[in-house]
Asker: 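Just passing along the structure, written as structure tokens.
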Amino acid sequence: MNHRNAEPRSRLSMVLRTGLLIATVVLGGIVGTACGGDDTSVTDTPVDDDTTPADQEITLVAENIAFDAETITVTAGREVTITFENRDSIAHNLRIVGPDGDFATEVASGPVTQQLTFTIDEPGRYEFRCDVHPAQMSGTLIVTP
């Protein structure tokens with residue numbers, strides 16, 4: 001056997017095996033990523049605005065001359081529906097003082113349920129209150145971007 005010919009073949013064989021191994025690792029990474037094996041792209045990608053709910057529904061209760069929440073948080077530009085439940089036998093309403101005007105339910109004695117639907121486009125902090133009892137019944141509407 002000629003040893004001079006065996007050495008170049010051995011090197012060539014080693015180079016080919018190394019190249020095949022590198023190609024397998026690279027191809028495996030590409031296939032794994034395409035099939036969802038790499039979840040960093042999912043967590044780092046911002047959520048498309050169209051996947052968020054189109055509206056927001058909230059219940060606010062008036063009882064014992066008090067609201068059951070001091071703050072309400074909603075998203076700017078989204079339609080909001082607040083179901084206002086007056087459980088007192090005296091008159092209350094819900095008024096939201098927004099950047100583009102006021103949104104309010106009728107003043108009514110309870111028990112009564114009313115709905116208030118509105119949209120506020122500008123993020124910020126706004127007041128909500130009962131017009132009959134503004135000192136006891138008020139809170140903050142937080143509109144987030």
Asker: Check whether any side-chain heavy atom of M137 sits under 4.5 Å from a side-chain heavy atom of V132, and report yes or no.
Answerer: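 Of all side-chain heavy-atom pairs linking V132 with M137, none is under 4.5 Å.
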Asker: Would you say N93 and C130 make side-chain contact, with heavy atoms under 4.5 Å?
Answerer: yes
Asker: Whether the side chain of D88 engages the backbone of I65 through a donor-acceptor N/O pair (distance < 3.5 Å, no angle test) should be reported.
Answerer: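 At least one qualifying donor-acceptor pair exists.
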Asker: Do F103 and F128 come close enough that some side-chain heavy atom pair is under 4.5 Å?
Answerer: no
Asker: So, using side-chain contact (heavy atoms from CB on, under 4.5 Å) as the criterion, who are the partners of A66 when residues are at least two apart?
Answerer: none
Asker: Is L94 reachable from I58 through a run of I, L, V, M, F, W or Y residues, each pair having side-chain heavy atoms under 4.5 Å apart?
Answerer: yes
Asker: Is a side-chain donor or acceptor of Q114 paired with a backbone partner of E106 at a separation under 3.5 angstrom?
Answerer: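 Between the backbone of E106 and the side chain of Q114 there is a qualifying donor-acceptor contact (under 3.5 Å).
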Asker: Tell me, do H92 and F84 make a side-chain contact under 4.5 Å, heavy atoms counted?
Answerer: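 H92 vs F84: side chains touch.
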Asker: For a quick test of reading the model, state the closest non-hydrogen atom pair linking S89 to S109 and the distance between them.
Answerer: O-CB, 3.7 Å
Asker: If you measure from CG on D68 to CD on E63, what distance do you get to the nearest 0.5 Å?
Answerer: 8.5 Å
Asker: Give a yes or no answer on whether the side chain of N86 reaches the backbone of A108 with a donor-acceptor pair at less than 3.5 Å.
Answerer: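 Yes, N86 side chain to A108 backbone: donor-acceptor pair under 3.5 Å.
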Asker: Which heavy atom in A91 sits nearest to a heavy atom in H133, and how many Å separate them?
Answerer: O-CE1, 3.4 Å
Asker: Do E122 and V143 have side chains that approach each other closer than 4.5 Å (heavy atoms only, starting at C-beta)?
Answerer: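 SC-SC contact between E122 and V143 ruled out.
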Asker: Could you report the tightest heavy-atom contact between P123 and P145, atom names first, then the distance?
Answerer: CG-CA, 3.9 Å
Asker: Quick one: does E85's side chain have a donor or acceptor within less than 3.5 Å of a partner on T59's backbone?
Answerer: no
Asker: Any chance you could lay out the side chain to side chain contact (heavy atoms under 4.5 Å, CB included) test for E79 and T117, step after step, and finish with the verdict?
Answerer: CA-CA 7 Å; E79 185 173 86; T117 300; 3.6 Å; yes
Asker: Considering all heavy atoms of both residues, which atom of V74 and which atom of Q56 are nearest to each other, and what is their separation?
Answerer: CA-OE1, 3.3 Å
Asker: Indicate yes or no for a side-chain donor-acceptor contact from T105 to the backbone of L116 under 3.5 Å, with no hydrogens or angles considered.
Answerer: no
Asker: Between L141 and I120, is any pair of side-chain heavy atoms under 4.5 Å apart?
Answerer: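 Sidechains of I120 and L141: in contact.
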Asker: So if you build clusters from Ile, Leu, Val, Met, Phe, Trp, Tyr with side-chain heavy-atom gaps below 4.5 Å, do L60 and V107 land together?
Answerer: no
Asker: Given 3.5 Å as the limit, does a donor-acceptor pair link the side chain of T140 with the main chain of Y126, or not?
Answerer: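 No; judged by distance alone, with no hydrogens or angles, the pair does not exist.
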Asker: With hydrophobic residues grouped by side-chain heavy-atom distances under 4.5 Å, do I82 and V61 end up in a single group?
Answerer: no
